[in-house]
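All ligand and atom numbering here is 1-based and tracks the order in the structure. We're numbering straight along the sequence, starting at 1.
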Amino acid sequence: MTEHLFDNTSSLDQALAQQVGQILKDAVAERGQASLAVSGGRTPLGFFKALSQMALPWQAIVVTLVDERWVAPAHGDSNEKLVRDNLLQHAAAVARFVPMKNLADTPEAGLEQLIAAYQAVPKPFDVIILGMGDDGHTASLFPGADELQHGLTSQDLLCAVNPGHAPHARMSLTAHSITQARHLFLHISGQKKRDVLAQAMQAGPVEALPVRFAIQQHKVPLHVYWAA
Ligand SMILES: O=C(O)[C@H](O)[C@@H](O)[C@H](O)[C@H](O)COP(=O)(O)O
């Protein structure tokens with residue numbers, strides 16, 4: 001695991017956009033296509049804006065989500081809306097977007113159709129960017145959720161989650177599919193999250209702080225981008 005520390009969020013956003021942009025450019029040059037899976041929440045907004053303005057071969061880049069709240073795509077809590085409004089703009093407007101939410105009533109009911117839709121996403125994912133909550137959740141792998149064990153241990157691509165203490169039923173990439181990425185980032189800001197990360201870096205059960213699965217694995221180097 002490598003930590004990249006910044007004094008402020010705008011310098012982090014620029015540096016992360018440069019790094020991710022270069023990886024995507026190289027992937028398209030090598031393989032003709034690339035995939036980027038991003039998280040929701042408030043943290044990635046500035047990064048999305050910076051990346052969206054970069055001159056990349058966007059028409060060959062597929063953008064998708066690490067996790068999604070099972071709400072209509074126009075809902076204020078929709079990660080799809082967040083990505084459409086902030087990342088799929090400017091130069092990035094021509095990127096192909098594969099949503100996680102479909103028309104099924106619940107994530108469980110939508111899972112099979114979504115697995116089929118995700119075949120359109122080049123795999124392994126070239127870049128996955130995780131966020132983290134103050135409770136140590138990442139993606140939608142929440143401590144205390146009934147589906148946590150499944151999300152942490154199954155070899156499936158996706159899992160349906162009912163987080164209980166967090167709003168909305170969710171769909172999430174599993175820990176297995178996240179650790180299949182060619183490049184893995186954890187993007188966080190603020191002292192509180194630095195403290196949670198420091199705690200997660202200490203030995204302890206993954207179930208207590210699910211972000212530990214990304215820290216403890218050895219399949220893909222984890223790059224942590226943190227800003228004060
Ligand atoms: O809720 C989602 O949709 C997420 O993808 C989630 O895992 C997020 O990354 C963290 O909850 C951090 O959220 P903030 O950036 O808002 O703190």
Side-chain angles (χ1 to χ4, degrees), residues 6 8-10 12-13 16-17 20 36-51 63-88 97-101 107 110 114 118 125 127-145 147-148 151-152 157-175 177-179 181 184-197 199-200 206-215 222-228:
F6 297 84
N8 55 68
T9 53
S10 54
L12 182 154
D13 294 339
L16 184 58
V20 168
L36 165 67
V38 296
S39 294
R42 305 318 295 169
T43 309
L45 278 176
F47 160 70
F48 286 167
K49 291 200 166 121
L51 189 66
V63 176
T64 190
L65 295 167
V66 167
D67 67 330
E68 178 61 291
R69 298 100 185 260
W70 209 253
V71 295
H75 191 288
D77 291 345
S78 162
N79 285 343
E80 175 175 342
K81 179 172 167 48
L82 185 88
V83 167
R84 286 192 190 280
D85 290 352
N86 297 283
L87 175 56
L88 302 173
F97 180 65
V98 176
M100 255 192 181
K101 170 75 170 66
L114 185 61
Y118 257 59
F125 294 97
V127 178
I128 290 185
I129 303 174
L130 300 172
M132 185 187 78
D134 292 350
D135 60 357
H137 83 260
T138 190
S140 275
L141 303 172
F142 285 88
E147 303 84 356
L148 178 62
L152 289 173
L157 176 67
L158 295 151
C159 59
V161 180
N162 294 285
H165 68 285
H168 311 301
R170 316 272 181 125
M171 187 69 81
S172 182
L173 293 180
T174 60
S177 40
I178 291 168
T179 55
L184 183 60
F185 296 89
L186 175 62
H187 177 190
I188 54 176
S189 67
Q191 192 55 48
K192 173 80 186 143
K193 288 193 184 181
R194 187 102 196 265
D195 294 346
V196 174
L197 181 69
Q199 206 187 327
V206 175
E207 293 74 17
L209 295 169
V211 71
R212 280 193 174 124
F213 87 79
I215 296 169
L222 175 67
H223 288 271
V224 177
Y225 276 65
W226 175 85

*List every atom of ligand 1 that sits less than 4.0 Å from any heavy atom of Lys193, numbering the atoms from 1 in the order shown and giving each element.*
12 (C), 14 (P), 15 (O), 17 (O)
*Contact (N/O only, under 3.5 Å) between Gly40 and ligand 1*: yes
*asked:* Would Gly133 count as a polar contact of ligand 1, with the cut-off being nitrogen or oxygen pairs under 3.5 Å?
replied: no
*asked:* Within the 4.0 Å heavy-atom shell around Gly41, which atoms of ligand 1 are there?
replied: 13 (O), 14 (P), 15 (O), 16 (O)
*Report the member of Arg170, Met132, His168, Arg69 with the shortest heavy-atom distance to atom 12 (C) of ligand 1.*
Met132
*Counting each atom of ligand 1 from 1 as listed, which ones have a heavy atom of Gly131 under 4.0 Å away?*
9 (O)
*Which atoms of ligand 1 have any heavy atom of Ala139 under 4.0 Å away?*
6 (C), 7 (O)
*Contacts of type ring pair (Phe, Tyr, Trp, His ring centres under 6.0 Å), residue Tyr225, not counting sequence neighbours*: His4, Phe6, Phe185
*Under a heavy-atom criterion of less than 4.0 Å, does Glu68 contact ligand 1?*
no
*asked:* Heavy-atom pairs closer than 4.0 Å: do any link ligand 1 to the side chain of Thr43, the backbone, both, or neither?
replied: both
*Non-neighbouring partners of His168 that pass side chain to side chain donor-acceptor pair (under 3.5 Å), sequence neighbours left out*: Asp77
*Give the contacting part of His137 toward ligand 1: side chain, backbone, both or neither, where contact means a heavy-atom distance below 4.0 Å.*
side chain
